[in-house]
Amino acid sequence: MYCKKCGTLNDDSSKFCKKCGAPSYNASAPVNEAVNQPQSSMPMYEAHDAGYYPPAPDFPVQQPPMQPYPMPQMPMDQYPMQPYPMQPNNGKRSFKPLIITGCIILTVILLAVVIGVSESSKNKVNLNKYLVIETSGYDGYGELYAHVDWEAVEKKYGPYLKFTSKGLDIYEDYDITPVDVLKENVRVEFEKTENLSNGNRISYKWSVDEDEISEIIKGKISFKSGNFTVKGLEKVEKFDAFAYVKVEFSGTDPEGTIYVTYDDKDNDLPYFDYSCDRTDNLKNGDTVTVTISNDMVSTFLNVYGKVPESMSKQYTVSGLKKYVSKLSDVDPDAMEKMKSQAKEVFNSYVQQNWDETCSLLSMDYVGNILLTPKNSNRAYDMHLHLVYKIQVRNRYNKDGQSYDKNNTYYWYISFDELLDDEDGKTEVDLSDYATPRDYFTVESGISSGFFDKSWKYYGYESLDDLKKAVIMDNIDDFNHEEDFN
């Protein structure tokens with residue numbers, strides 16, 4: 001057999017190569033056959049390949065002198081060789097290494113981005129995530145409570161929110177955190193928080209002082225207004241709490257008042273604690289909302305096992321009388337009554353104050369003037385003037401001198417606080433009237449002794465004089481409307 005190391009031909013029974021001393025074995029012997037060593041034991045080795053060198057034995061081995069390495073004494077095509085696997089090459093360049101490298105680089109970049117985003121989001125607070133909305137009560141009478149869970153915000157963002165330099169100047173010496181500052185500058189408002197029913201959709205909006213926050217805190221906040229749907233309110237039996245409510249309106253438009261009474265003779269229900277959103281300065285057509293106190297709900301439930309089907313009800317103001325504010329408000333019947341009163345008053349005056357030297361020729365209605373206050377809170381301070389043209393004959397004779405002449409002047413009678421009811425009927429107190437205090441004198445030019453004979457008439461020589469006295473002298477405080485034939 002040939003030596004596995006140097007290729008020298010040895011006897012088949014040789015244990016070592018006669019040239020290089022390398023162990024040898026018979027090809028027919030078992031691979032793991034032990035090699036006997038004299039008086040000494042040494043590890044057994046397996047010959048795994050031709051290039052393996054076992055450790056030197058612990059007994060002396062005589063090595064033959066080295067000889068030049070001879071060429072193997074066998075044909076080259078039979079010399080044992082270790083085959084080396086070759087990769088096929090079809091002439092194409094492989095991009096697999098480039099692809100793998102690119103994937104590694106991309107993964108590293110994405111990981112860096114994710115880490116960066118995660119770090120930057122640590123100080124960005126989304127307020128909506130911490131908005132706590134709760135409802136309680138009964139269907140139709142529910143209440144809504146809302147708050148921001150600032151403890152949770154502090155726990156998550158407290159370590160990452162920092163003060164700006166301005167914030168440090170203000171709060172550095174105080175036990176105040178950036179979250180405390182957020183709390184003071186954030187509010188959330190709901191359009192309705194009481195008398196809620198299941199299914200109600202309640203809108204809310206944030207009120208945030210972003211400018212103040214950005215100056216004090218290093219961080220970002222986000223928020224978005226939205227809607228909340230009410231649910232989970234308990235169902236209970238209901239009744240009409242306003243069935244026995246009596247609402248009355250009194251006074252005059254626009255200064256009316258409301259009076260609410262409760263009369264429940266058929267049911268053993270308590271008197272309700274009512275309140276009105278408006279109680280005075282009312283006019284016809286206004287609406288007043290009467291509301292039962294929410295505190296009564298628990299009483300109804302505990303005592304009667306039911307609640308009002310509604311906690312409020314609207315009533316429309318009606319039945320109030322209104323002060324006349326324009327001439328067209330005065331109904332014809334009232335106008336005729338005032339004209340009749342005017343003649344009665346004037347004739348009574350004539351009979352009591354005129355003598356035989358003057359006589360009434362005519363008293364003609366020529367028109368009217370309405371004064372209304374410019375201050376709307378003084379609607380009652382209105383005055384309607386009925387204007388008359390008076391013709392009188394003046395006669396006087398003495399010592400051969402005579403005066404006989406027809407004279408004309410203008411007179412009025414005024415009525416105050418005229419009221420119209422809802423049917424358009426005008427109420428007027430005919431006994432509450434006024435006549436002119438201004439007067440003028442008609443001179444006869446004939447001496448009656450110590451003085452010349454004259455006649456004094458309460459009124460005005462011309463219609464313009466009357467208008468000036470009635471309108472112009474009150475122009476600062478009153479509007480006016482006039483209607484003359």
Side-chain angles (χ1 to χ4, degrees), residues 106-236 291 293-295 297-298 301 311-312:
L106 181 59
T107 301
V108 172
I109 293 173
L110 290 176
L111 183 60
V113 171
V114 170
I115 294 174
V117 171
S118 176
E119 289 297 322
S120 64
S121 65
K122 288 181 178 180
N123 65 348
K124 183 175 182 181
V125 183
N126 185 345
L127 294 176
N128 289 77
K129 291 184 177 181
Y130 298 92
L131 178 61
V132 179
I133 304 175
E134 300 174 339
T135 57
S136 64
Y138 303 91
D139 191 16
Y141 308 91
E143 296 183 345
L144 182 148
Y145 306 92
H147 69 278
V148 177
D149 188 353
W150 293 111
E151 291 185 3
V153 174
E154 181 73 57
K155 182 177 180 181
K156 182 171 183 178
Y157 296 99
Y160 307 105
L161 292 174
K162 305 297 180 182
F163 283 121
T164 63
S165 57
K166 180 178 179 180
L168 288 174
D169 291 341
I170 299 173
Y171 299 109
E172 187 174 15
D173 296 331
Y174 300 93
D175 186 18
I176 294 177
T177 69
V179 174
D180 293 330
V181 176
L182 278 180
K183 185 177 180 180
E184 292 300 318
N185 290 278
V186 172
R187 297 287 183 274
V188 60
E189 301 170 353
F190 286 78
E191 64 172 340
K192 186 178 180 182
T193 58
E194 297 179 343
N195 299 327
L196 304 178
S197 301
N198 287 324
N200 285 162
R201 190 169 176 82
I202 309 300
S203 64
Y204 64 87
K205 62 179 180 179
W206 292 93
S207 177
V208 180
D209 191 344
E210 296 184 79
D211 294 336
E212 176 72 11
I213 292 172
S214 63
E215 290 182 358
I216 302 299
I217 299 172
K218 292 180 180 179
K220 297 181 179 179
I221 58 172
S222 63
F223 53 88
K224 183 179 181 181
S225 300
N227 298 283
F228 173 78
T229 301
V230 178
K231 58 184 178 181
L233 298 177
E234 185 177 346
K235 299 283 187 179
V236 291
T291 304
S293 172
N294 285 331
D295 296 337
V297 174
S298 58
L301 284 171
M311 296 296 287
S312 63

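It should be emphasised that the depicted structure is a prediction, and the values quoted were computed from it without experimental measurement.
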Worksheet item: So, do Val188 and Leu127 sit near enough that their side-chain heavy atoms are less than 4.5 Å apart?
Response: no
Item to complete: Search all heavy atoms of Trp206 against all heavy atoms of Ser225 and return the closest pair with its distance.
Response: N-OG, 3.4 Å
Worksheet item: Could you go step by step and tell me if Asp180 and Tyr171 meet the side chain to side chain contact (heavy atoms under 4.5 Å, CB included) rule?
Response: CA-CA 11 Å; Asp180 293 330; Tyr171 299 109; over 6 Å; no
Response to the item:
Separation between CG (Leu168) and NZ (Lys162), nearest 0.5 Å, reads 10.0 Å
Fill in: Nearest-0.5 Å distance, CG of residue Asn227 to CD of residue Glu191
7.5 Å
Worksheet item: Would you say the side chain of Val179 lies within less than 4.5 Å of the side chain of Lys183, judging by non-hydrogen atoms?
Response: no
Worksheet item: Does any non-hydrogen side-chain atom of Trp150 lie less than 4.5 Å from one of Leu182?
Response: yes
Worksheet item: What do the steps show when you test Ile213 against Val181 for side chain to side chain contact (heavy atoms under 4.5 Å, CB included), and what is the final call?
Response: CA-CA 7 Å; Ile213 292 172; Val181 176; 5.5 Å; no
Worksheet item: CD of Glu134 to NE2 of His147: how many Å apart, nearest 0.5 Å?
Response: 6.0 Å
Worksheet entry | Backbone N/O of Asn198 and side chain of Asp139: donor-acceptor pair under 3.5 Å | yes
Worksheet entry | Test item: Asn128 side-chain N/O and Lys224 main-chain N/O as donor-acceptor pair under 3.5 Å | yes
Worksheet item: Please walk me through it: do Tyr157 and Ile221 pass side chain to side chain contact (heavy atoms under 4.5 Å, CB included)?
Response: CA-CA 11 Å; Tyr157 296 99; Ile221 58 172; over 6 Å; no
Item to complete: To the nearest 0.5 angstrom, please state how far the CD atom of Glu194 sits from the CG atom of Leu196.
Response: 8.0 Å
Item to complete: Without swapping roles, check the side chain of Thr164 against the backbone of Ile216 for a donor-acceptor pair under 3.5 Å.
Response: yes
Worksheet item: Rounded to the nearest 0.5 Å, what separation is found between the CG atom of Asn200 and the NZ atom of Lys192?
Response: 5.5 Å
Item to complete: For the pair Phe190 and Tyr204, name the ring-plane relationship: parallel under 30°, tilted 30 to 60°, perpendicular over 60°.
Response: tilted
Worksheet item: Can you tell me how far CG of Asn185 sits from CD1 of Ile217, rounded to the nearest 0.5 angstrom?
Response: 7.5 Å
Fill in: Beyond-backbone contact of Leu144 with Ile133, side-chain heavy atoms, under 4.5 angstrom
yes
Worksheet item: So, do Phe223 and Val186 sit near enough that their side-chain heavy atoms are less than 4.5 Å apart?
Response: no
